[in-house]
Amino acid sequence: VLVDEWQRAGVTDAVACPGSRSTPLLVALAECAERGALRLHVLLDERAAGFFALGLALATGRPAPVVTTSGTAAAELHPAVLEAHHANVPLLVVTADRPPEAHDVGAPQTVRQVGLYGEATRWEANPGVPELASAGSWRSIASRSVAEAAGGASRPGPVHLNLAFREPLVGSAEAVLGQAGDGAPRTVTAGRAEGAPWHRRRPPQELAAPAEVVELLAGAGERGLIVAGAGSGSPQALWGLSMATGWPVLADPLSGARLPGAIGAADALLRTAAVRDWEPELVLRLGRPWASRVLVEWLASLDCPQVLVDRWGIWAAPDRAPAEVVVADPAALCAEAAIRAEAKLPRPGQSWAGRWARAEMAAQEAIDAALAGPALSEPGIARALVASLPVGATLLASSSMPVRDVEWWARPREGISVVSNRGANGIDGVLSTALGVASASDGDRVVVLLGDLAFLYDAGALAAPASRSVDLTVVVVDNNGGGIFGFLPQATSQPRDRFERLWGTPHGTDALAVARGYGAAVRELTDLPSLRDAIGAASEHGAGLRVLVARTDRHANVAVHERLVSAVAEAVEVALRT
Ligand SMILES: Cc1ncc(C[n+]2csc(CCOP(=O)(O)OP(=O)(O)O)c2C)c(N)n1
């Protein structure tokens with residue numbers, strides 16, 4: 001009943017981990033998958049399975065139930081639940097449980113699973129052991145579990161179904177339900193006619209933009225600024241507003257709005273005195289904050305109205321600067337403000353936008369020049385990778401330096417989508433998420449860029465049966481430890497040995513050998529052309545799991561960043577003078 005109702009609710013994929021208590025669910029999922037009615041992905045490790053399901057949801061927008069056995073298996077899902085909660089990704093975690101009589105008496109593999117994920121779930125159901133008396137509620141629970149994960153009363157996120165099963169765990173439904181007589185179970189558990197779902201979720205109509213805010217935006221002058229992060233809504237609407245107002249768009253790659261014309265080098269630009277002093281008269285902030293602390297701090301320092309717009313009313317502004325916090329569909333707000341702004345034409349000249357554009361062009365040229373040549377560097381890898389991805393590709397950028405290097409050094413371009421687990425910024429589950437994204441991307445290329453620690457953390461995901469059939473390119477930036485910590489004050493304030501032991505954490509593990517051990521096709525990248533070549537060649541070599549390892553120097557990396565920042569600053573000073 002559960003699996004049938006999930007399908008009616010639009011579920012196309014499910015994730016399963018081996019275990020005994022979940023047997024009724026595993027059998028139902030397997031039967032469905034064997035009929036070709038569902039894709040079933042089998043993983044060994046529940047932590048990986050949770051992130052894999054998250055990746056499927058990132059790619060499809062739909063929740064994929066992830067089914068585990070009881071005990072610590074259920075706790076392994078917690079990191080993915082937290083990420084899904086903070087990033088508003090639909091996730092349906094289904095933990096098999098022991099029946100009530102097995103609790104608190106030392107029964108094996110029995111832990112308290114009710115409420116396990118605390119306040120991180122949008123909805124949780126504990127319907128108890130399946131019995132005929134409660135059978136009339138099953139379809140509703142199944143249907144609602146998908147609807148709530150997709151954003152029932154509020155926003156998308158995790159839902160927890162904790163399902164207790166009493167033995168026998170195999171057998172016919174009638175036997176499990178007991179002596180119902182007269183085919184009653186079938187009647188009680190029948191679905192709606194013509195495969196309709198039990199519940200149909202009707203999300204609120206488009207959240208209209210408040211008139212005062214539309215007026216505020218439309219009435220502002222030339223020196224407006226649009227800052228777009230992950231979750232900014234439709235790039236077309238955002239760019240429509242930019243066209244109507246002339247306001248520059250500072251776009252994080254995760255916003256989907258970092259198209260040609262966007263200001264991509266904002267982090268480096270705002271490190272230069274000339275740009276830092278510019279004073280916008282209004283800032284429209286859409287989506288989540290960037291990784292760039294420089295941008296966040298600059299926004300905090302501004303003395304102008306800032307409007308934060310979020311579809312779900314999330315106060316995503318660590319600087320607490322926005323005076324206006326607007327719960328609206330960003331696309332609707334941008335579209336309305338664009339119409340109102342156009343009606344007020346003509347606007348003053350475009351010197352503000354022109355200045356930003358000149359600075360951006362100078363920055364991009366300076367970055368090109370500084371990264372010219374074949375040598376591998378972490379910024380160079382991020383820039384070359386983004387530039388060489390084919391149209392339609394998805395790039396998953398790991399937390400730590402990869403997401404920053406892509407945000408800071410990649411040139412704006414069209415045709416790709418960049419995603420990242422930035423809800424809770426973990427470096428766990430990155431490979432698993434990528435495997436999930438890749439499993440749902442029919443034919444389109446998926447590439448994950450991650451550090452060696454993130455790779456080793458989640459390398460076990462590569463042992464999963466689900467990773468055998470996937471088409472995924474993994475680019476490991478192997479700097480033998482945690483490169484990000486070299487940028488933090490502890491790198492210089494702590495004794496060198498202590499810093500290395502606690503933060504640098506060199507491990508000497510051979511990432512290539514690890515990947516090879518899991519059966520991946522491996523290649524060491526020796527220079528930037530070999531990276532471009534490997535990304536290009538991946539399409540020719542057909543489906544499969546490829547792991548490319550680029551060895552870089554963690555200590556030299558800080559200096560590479562400093563050099564790039566100086567190069568941008570010099571070029572921008574010159575460009576703005578002329
Ligand atoms: C699950 C989790 N544990 C620890 C951290 C803290 N942390 C942030 S970055 C980082 C180092 C990551 O190293 P690597 O993946 O090699 O990337 P690099 O810093 O070299 O770019 C760590 C341990 C985290 N974000 N998430």
Side-chain angles (χ1 to χ4, degrees), residues 45-48 50-51 54-55 75-87 120 253 267 288-289 291-293 376-383 385-386 395-410 420-434 447-462 474-491 494 498-512 514-515 525 531 547-561 564:
D45 161 345
E46 290 81 8
R47 186 180 69 193
F51 280 106
L54 188 102
E76 306 291 348
L77 295 172
H78 210 151
V81 167
L82 290 177
E83 174 59 29
H85 167 47
H86 288 284
D267 180 87
R288 297 182 68 91
S292 166
R293 183 191 287 244
L376 283 177
S377 68
E378 300 189 16
I381 291 168
R383 189 168 179 85
L385 178 58
V386 168
L395 172 66
L396 175 71
S398 173
S399 280
S400 204
M401 290 313 289
V403 74
R404 291 177 170 77
D405 283 332
V406 169
E407 184 183 286
W408 299 348
W409 309 120
S420 184
N421 284 342
R422 295 301 285 169
N425 302 1
I427 58 154
D428 47 349
V430 181
L431 277 179
S432 305
T433 306
V447 177
V448 52
L449 177 67
L450 78 178
D452 49 296
L453 293 193
F455 173 76
L456 295 173
Y457 202 118
D458 199 26
L462 302 180
V474 179
V475 181
V476 184
V477 179
D478 182 0
N479 55 23
N480 194 23
I484 195 169
F485 298 119
F487 293 85
L488 300 183
Q490 47 270 52
Q494 295 292 307
R498 187 190 292 165
F499 174 79
E500 279 298 290
R501 181 158 181 247
L502 293 175
W503 292 280
T505 54
H507 46 77
T509 306
D510 182 347
L512 270 177
V514 169
L525 302 174
L531 169 66
V547 177
L548 314 174
V549 178
R551 297 212 165 91
T552 59
D553 183 333
R554 193 154 46 81
H555 304 288
N557 187 37
V558 177
V560 171
H561 279 78
L564 279 167

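Heavy atoms only: backbone and side chains are in, while hydrogens, waters and symmetry mates are out. Each ligand, and each atom within it, is numbered from 1 in the order the structure gives.
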[atom1]-[atom2] distance between [X] and [Y], expressed to the nearest 0.5 angstrom:
X	Y	atom1	atom2	result
Leu450	Asp458	CG	CG	8.5 Å
Leu548	Leu531	CG	CG	7.0 Å
Trp408	Leu564	CH2	CG	11.0 Å

Report yes or no: does a heavy atom of [X] sit under 4.0 Å from some atom of ligand 1?
X	answer
Ala424	no
Trp503	no
Ser399	no
Phe485	yes
Ile427	yes

Do you know the tightest heavy-atom contact between [X] and [Y]?
X	Y	answer
Leu54	Ala80	CD1-O, 3.8 Å
Leu512	Asp510	N-OD1, 3.0 Å
Gly482	Leu453	N-CD1, 3.6 Å
Leu376	Leu525	CD1-O, 3.3 Å

(message) Side chains of Ser292 and Arg404: any donor to acceptor distance under 3.5 Å?
(response) no

For ligand 1, which atoms have a heavy atom of [X] less than 4.0 angstrom away?
X	answer
Ala454	15 (O)
Asn425	25 (N)
Tyr457	1 (C)
Gly482	11 (C), 13 (O), 19 (O), 20 (O)
Asp428	1 (C)
Leu453	11 (C), 13 (O), 14 (P), 15 (O), 16 (O)
Met401	21 (O)
Asn479	20 (O)

(request) Give the residue and atom name of whichever protein heavy atom lies nearest to atom 20 (O) of ligand 1, and the separation in Å to one decimal. (result) Gly483 N, 2.7 Å

(request) Find out whether Gln494 and Arg501 are in side-chain contact, i.e. whether some heavy atom of one side chain is under 4.5 Å from a heavy atom of the other. (result)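 No, side chains not in contact.
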
(message) Side chains of His561 and Met401, heavy atoms from C-beta outward: is any pair under 4.5 Å?
(response) yes

(message) Are any of the N/O atoms on Ile484, whether in the backbone or the side chain, positioned under 3.5 angstrom from an N/O atom of ligand 1?
(response)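 The answer is yes, given that Ile484 and ligand 1 share an N or O pair closer than 3.5 Å.
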
(message) Between ligand 1 and Pro402, is the shortest N or O to N or O distance under 3.5 Å?
(response) no

(request) Using a strict 4.0 Å threshold on nitrogen-to-oxygen distance, state whether Arg551 and Asp452 make a salt bridge. (result) no

(request) Nearest heavy atom to atom 18 (P) of ligand 1 wins, so pick from Ser398, Ser400, Gly451. (result) Ser400

